[in-house]
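Presented below is the structure to which this report refers.
Per chain, numbering begins at 1; letters A, B, ... match sequence-line order. Since this is a predicted model, take the numbers as computed values, not measurements. The figures that follow rest on heavy atoms only: side chains count, while hydrogens, waters and symmetry mates do not.
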Amino acid sequence: MLSNVQKATRGALSIMTVRQELAKLLQQGIRRSQEVGALPEFDIPPVEVTPAKPEFGDYSSNIALQLARLARMAPLRIAEIIREHLPPTDMATLDVAAPGFLNFRLRPTWVAQQVLAIEAQGREWTRSQVGGGRSVQVEFVSANPTGPLHFGGARNAVLGDTVARVLDRVGYRVQREYYVNDAGTQMRKFGETLFARYAQVLGEDVPVPEDGYMGRYMIGYAERIVREHGRRFLDMPREEAIRALTDLGLSLVLEELRQDLADLRVVFDNWFSERSLYEDGTFEKVLAMLRERGLVYEKDGALWFAATKLGGDKDEVIVRSSGEPGYFASDIAYHYNKFIIRGFDWVIDVWSVDHQGHVPRMKTVMKALGIDPERLTILLYNLVTLKRHGVEVKLSKRAGDIITLREVLDEVGPDPIRFMLLTRSNNAKIDFDLALAVEQSQDNPVYYVQYAHTRIAGILRKARAEGWTRWDDGDVHLLTHPSEQALLKKVLDLPDLLITVAERLEPHHLTYYAQDLATHFHAFYRDCRVVDPARPELTKARLRLVAAVKLVFAHLLEDILGMSAPEVM
RNA sequence: GCCCCGGUAGCUCAAUGGAUAGAGCAACGGACUUCGAAUCCGUAGGUUGCAGGUUCGAGUCCUGCCCGGGGCGCCA
């Protein structure tokens with residue numbers, strides 16, 4: 001005999017979302033129809049259940065319309081047959097509507113009972129298993145470690161981090177990786193610049209190279225090195241000094257990046273060194289492999305990758321005529337490492353849209369390595385323009401002074417940055433307005449969402465102040481008011497939303513949902529007084545409701561969106 | 001020239017091939033002796049860039065064109 005709690009709980013045995021449960025019901029109904037001969041035999045296609053407009057119910061499926069051709073019957077008739085053979089359920093009722101939609105309406109008692117499920121499972125309540133424990137690596141940010149992170153990189157950080165958080169929730173084993181470009185020409189320039197700045201700090205007249213890093217932050221690194229190491233690098237051969245300073249500078253930059261990203265609540269599991277690909281022989285090994293497959297040839301003193309043999313647009317240089325491997329060489333070796341050496345089932349690279357031309361090349365590399373290109377997803381996102389009161393904040397490249405993530409963090413804090421950078425689809429450009437981000441106005445959705453959480457905290461404070469000490473015996477079946485039901489139904493969308501976000505890698509749906517959830521809470525607040533001494537039973541039921549909703553808000557804000565969920569504002 | 005992404009309400013943007021295309025802001029008009037008004041309610045606002053096509057059904061898919069952005073390097 002199952003208790004109500006166990007029945008209502010999507011427990012460890014069968015973790016299923018609302019849409020998954022309903023789809024399963026339809027599937028069973030179709031199979032049963034076939035068994036009794038009401039529908040002809042055919043392979044049942046995947047059954048999709050989607051949210052519906054309120055006038056049609058809560059969820060809807062067009063499966064009968066899709067089956068029309070397979071069953072060679074009128075969709076409306078098919079829908080009727082499915083409905084008649086649906087297994088009995090206390091979860092929802094099912095209606096048929098022209099031209100053949102199947103519309104579910106959740107039963108109020110079932111909806112109310114979900115409060116118990118949330119209470120029982122807490123922040124694990126949103127977890128699902130569509131990932132099936134497969135391993136996925138999300139590689140993101142990966143900006144050249146030659147200075148502080150540009151604010152534009154924040155979008156990459158927030159996008160990659162949020163995708164990683166969501167993939168974890170839906171049952172993937174996730175690793176977050178920062179690819180450190182510590183090899184190649186950019187590092188070389190960085191080292192030479194640092195050497196010049198270091199010498200200058202010590203009073204030597206060494207010019208910064210023509211194409212070096214002009215930003216003032218380089219002087220900061222130099223000063224710190226002088227402070228900690230004195231002038232000993234001037235006493236050694238120039239090349240040796242540059243090598244030593246490069247490594248020292250690199251560790252300073254990485255330390256800074258780590259801190260800036262941590263303050264944005266982005267933490268990596270691994271920092272992967274590009275240089276290591278050359279030091280441990282991976283590059284040579286992969287090169288030999290490509291050579292063996294006849295995909296490498298020499299021309300004009302350079303080594304080329306024969307991408308055209310695999311359907312690519314044009315061949316690519318792997319090793320330049322100078323003898324130095326290019327970035328493409330590293331990328332081949334790096335992805336070999338990801339898939340062959342470390343064995344990730346799935347890899348997501350997060351790139352800004354100006355690298356779009358590189359996508360087909362990476363897909364060709366996958367073919368060359370003998371790996372299914374489907375296992376690599378390149379997630380592209382559009383650029384961010386920084387504004388203040390609607391006016392673009394120009395970036396001065398000449399001076400090398402960029403608007404850094406650090407500056408914006410100091411000015412507006414992590415919450416608006418994270419939220420605002422998730423309010424647009426990946427393909428859309430974002431105008432980030434510094435003034436708006438801190439403005440506590442109606443224009444600012446960050447506060448709107450956080451206020452909902454704060455308001456609930458206020459209700460609970462009020463309840464305790466008035467002597468309500470426990471409400472765990474409240475009867476949730478009293479939660480029948482339309483606004484209570486609507487709020488709960490909106491809450492029930494979250495596990496399915498996380499699956500959608502994971503499938504489409506579109507985390508902007510989360511911020512829209514958060515606003516929508518807040519709107520539903522505010523509507524409930526308007527319609528239903530929670531603390532009411534005249535109605536103690538209803539008060540206890542509603543306290544259970546708002547406590548559960550508060551938990552969901554906190555979970556969404558903190559665990560999914562990486563923001564804070566304030567008790568007071 | 002070729003490739004990719006956008007074009008939806010005055011503005012900024014949503015919208016798995018589904019039903020009458022939705023939010024926020026701005027505009028206008030309302031609601032605080034009440035658990036926090038950082039809130040809520042109402043009004044108004046649309047030929048989804050243009051023209052064809054595919055089908056039970058198209059903002060969504062296909063073709064062509066127009067406008068904007070990006071990419072096409074022995075840079076990353």
Q | Given RNA chain B, 5'-ward residue of the pair A:E506 and A:F524, judged by closest heavy atom | A | A:E506
(Q) With nearest nucleotide decided by heavy atoms, which residue, A:A52 or A:G184, maps closer to the 5′ end of RNA chain B? (A) A:A52
Touch class at under 4.0 angstrom, heavy-atom based, for [X] against every strand present:
X: A:D516; result: nothing
X: A:R461; result: base
X: A:V449; result: nothing
X: A:R19; result: base
X: A:P325; result: nothing
X: A:S425; result: sugar-phosphate
X: A:V359; result: nothing

Could you work out the separation of [N] and [M] based on their [atom1] atoms and round it to a whole Å?
N: B:rC50; M: B:rC11; atom1: C1'; value: 23 Å
N: B:rU8; M: B:rU47; atom1: P; value: 12 Å
N: B:rA58; M: B:rG49; atom1: P; value: 16 Å
N: B:rG7; M: B:rG59; atom1: C1'; value: 11 Å

Ignoring hydrogens and angles, does a donor from either the side chain of [X] or the base of [N] sit under 3.5 Å from an acceptor on the other?
X: A:S322; N: B:rC74; answer: no
X: A:N103; N: B:rA19; answer: yes
X: A:N427; N: B:rG6; answer: no

Should [N] form a Watson-Crick or G-U wobble pair with both distances under 3.5 Å, which nucleotide is its partner?
N: B:rA38; result: none
N: B:rU48; result: none
N: B:rA23; result: B:rU12
N: B:rC2; result: B:rG71

Mind calculating the distance between [atom1] ([X]) and [atom2] ([N]) to the nearest angstrom?
X: A:Q515; N: B:rA14; atom1: CD; atom2: P; answer: 12 Å
X: A:F521; N: B:rC35; atom1: CZ; atom2: P; answer: 13 Å
X: A:L510; N: B:rC13; atom1: CG; atom2: P; answer: 19 Å

Counting side-chain heavy atoms from CB outward, which of [options] is closest to [X]?
X: A:V531; options: B:rA15, B:rC56, B:rC35; result: B:rC35
X: A:A428; options: B:rC13, B:rG70, B:rG36; result: B:rC13
X: A:Q356; options: B:rC4, B:rA37, B:rC35; result: B:rC4
X: A:L65; options: B:rG18, B:rC74, B:rG71; result: B:rG18
X: A:R529; options: B:rU34, B:rA15, B:rG22; result: B:rU34
X: A:R320; options: B:rA37, B:rC13, B:rC75; result: B:rC75
X: A:T185; options: B:rA15, B:rC75, B:rG22; result: B:rC75
X: A:R424; options: B:rA14, B:rA19, B:rA38; result: B:rA14
X: A:S321; options: B:rG36, B:rG70, B:rC74; result: B:rC74
X: A:Y451; options: B:rU39, B:rC72, B:rC13; result: B:rU39

Do any side-chain nitrogens or oxygens of [X] fall under 4.0 Å of OP1 or OP2 in [N]?
X: A:R526; N: B:rC41; answer: yes
X: A:S60; N: B:rG18; answer: no
X: A:H509; N: B:rA15; answer: yes
X: A:K299; N: B:rC74; answer: no
X: A:Y525; N: B:rA37; answer: yes
X: A:H522; N: B:rA37; answer: no

Q. Given the rule in the salt bridge (Lys or Arg N to Asp or Glu O under 4.0 Å) test, do A:E567 and A:K550 qualify, once you have shown the distances and angles that lead to the verdict?
A. CA-CA 10 Å; A:E567 295 286 318; A:K550 178 169 185 282; 2.9 Å; yes
Q | Criterion side chain to side chain contact (heavy atoms under 4.5 Å, CB included) on A:L517 and A:F521, from CA distance to verdict | A | CA-CA 6 Å; A:L517 184 62; A:F521 170 75; 6.0 Å; no
Q: Can you see which heavy atom on A:F101 is nearest to which on A:S60, and at what distance?
A: CD2-OG, 4.0 Å
Q | Row check, A:Y525 ring normal vs A:R455 NZ/CZ: under 6.0 Å, within 45° | A | yes
Q) Aromatic rings A:Y297 and A:W304: how do their planes relate, parallel, tilted or perpendicular, breaks at 30° and 60°? A) parallel
Q. Using the ring of each side chain (for Trp, its six-membered ring), is A:W271 parallel, tilted or perpendicular to A:Y178, with breaks at 30° and 60°?
A. parallel
Q | Anti versus syn assignment for B:rC66, with syn defined as within 90° of 0 | A | anti
**Q.** Ion pair A:E80/A:R83, N-O distance below 4.0 Å
**A.** yes
Q.
Tell me whether A:D532 is salt-bridged to A:R535, with the criterion being a basic N under 4.0 Å from an acidic carboxylate O.
A. yes
Q.
Quick check, does A:F56 stack with B:rA19? I mean ring centres under 5.5 Å and planes off by under 30°.
A. yes
Q: Indicate whether A:F101 forms a stack on B:rA19; treat it as stacked only if centroid distance is below 5.5 angstrom and interplanar angle below 30 degrees.
A: yes
